[in-house]
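Below: one structure, written as C-alpha cells.
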Amino acid sequence: MDPQLSNGEDYKYIMATSIGSGKGIEVLPDLYCHTIQIVNIVLVGHPNSRDFVLIDTGMPYSAEKILAVVEERFGVDSRPKAIILTHGHFDHVGAVIELVKHWDVPVYAHELELPFLTGVSSYPDPDTSVEGGMIAKMSSIFPTDPVQLGSHIKSLPSDGSVPFLPEFTWIHTPGHSPGHVSLFRQKDRALIAGDAFVTVKQEYLYKVLTQEQEISGPPRYLTTDWDAALESVIKLEALQPTVAITGHGLPMEKELLANSLKKLVDDFERIAVPDYGEFVDQDSD
Ligand SMILES: [Zn+2]
Ligand SMILES: [Zn+2]
C-alpha cells in the first residue's frame, strides 16, 4: 500500500443533494449510472460478471455508499479492475483515496490531469462571480486541493484505448479541465461524457435538486477554457452518440440527445458560455 495516499487539505463534506441521490439507473445491461448527492458514478460491466470498471468516484465521504452500490450490483467483496477518472474535480475524486485503500486497484486519468491527482497542483478557485445560481455562488467552499494518489495513478494509454474496457476509447475533451476525457463505445455509440457537457443546469440549486433535464455546457464555476470546451462538445456531437451518461443530471438518449447536442453546438455561446465571469473573455463577442 502506498503510504502517501491522501486527500487534499481542504477535503470536506459538501451539503448539497438532488432527488436523484442514492438512485441508480441501468442505462444498458452493462452500463449502470448511480447518483451520489449531485454527481454520477458509472459502473461498466455485466452484473453477473466480476469484470467491471468504475468511472469516477463521487463526492467527498461517499466511499461507503459507493462500496454498497458496487456490492449490490456485483456481489459481496467484488472490486473493479480499475477506476477511470474523467477528471480530477472534487466531486469526481471524492471517494477515490478511500476506495483505492480498500480495493488496491489502479486509477487511470489523462496525463494532463495528473498534477491534480498527485498533489502537485490545485485547481483554480471556483468562480463564484460567474453568471448562474446558488451552486455557483456557494462554489467557493468546494475543495480544490489535489488528491495524492501516488503510484496508484497512471496515464491513460496514448493510443486511445481504455484499460480493462476493450470496446471503449477515450477522447480528450478539455475545457472544463485540462485533462478531461470522455469514454465512447463505437458498437452501440454509448458515451460517458463526464463534465464535457451535462444534462442539468448545474449552477442552479433548484434545477440540481429537481434534476430537470436540460442540455448544458460544462458546469460554469469550474470551467476555465470556453474555446476548448466548445471544441470538445463539437467532437462529441460528431460521434452521434445514442446514449450519454454525464457527470451531472440524468442520462439522455436517442432523438432528445441528438437534438440537444446539436442545439448545444449551434448555440454554445448562448447556452453554455456565461455572460460574465472570471474565465470569460469580456472582449470577445
Ligand atoms: Zn468537473
Ligand atoms: Zn462535476
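Note that the structure is predicted; figures quoted are calculated from it, not measured. Note that ligands are numbered from 1 as they come in the structure, with each ligand's atoms numbered from 1 the same way.
Taking Ser155 as the reference, Glu111, Leu114 meet the side chain to side chain contact (heavy atoms under 4.5 Å, CB included) condition, with sequence neighbours excluded.
Exactly one of His87, Glu113, His110 qualifies for a side chain to side chain donor-acceptor pair (under 3.5 Å) with Ser177. That residue is Glu113.
Ring planes of Tyr61 and Tyr11: tilted class, angle from 30 to 60°.
We find the NZ-CZ distance between Lys201 and Arg220 to be 5.5 Å, quoted to the nearest 0.5 Å. For the atom pair Leu31 CG and Ile25 CD1, the distance stands at 11.5 Å (nearest 0.5 Å).
Protein N/O/S atoms closer to the Zn ion (ligand 2) than 2.8 Å number 4 in this structure.
Here the side chain of Ser49 pairs a donor or acceptor atom with the backbone of Asp51 at under 3.5 angstrom.
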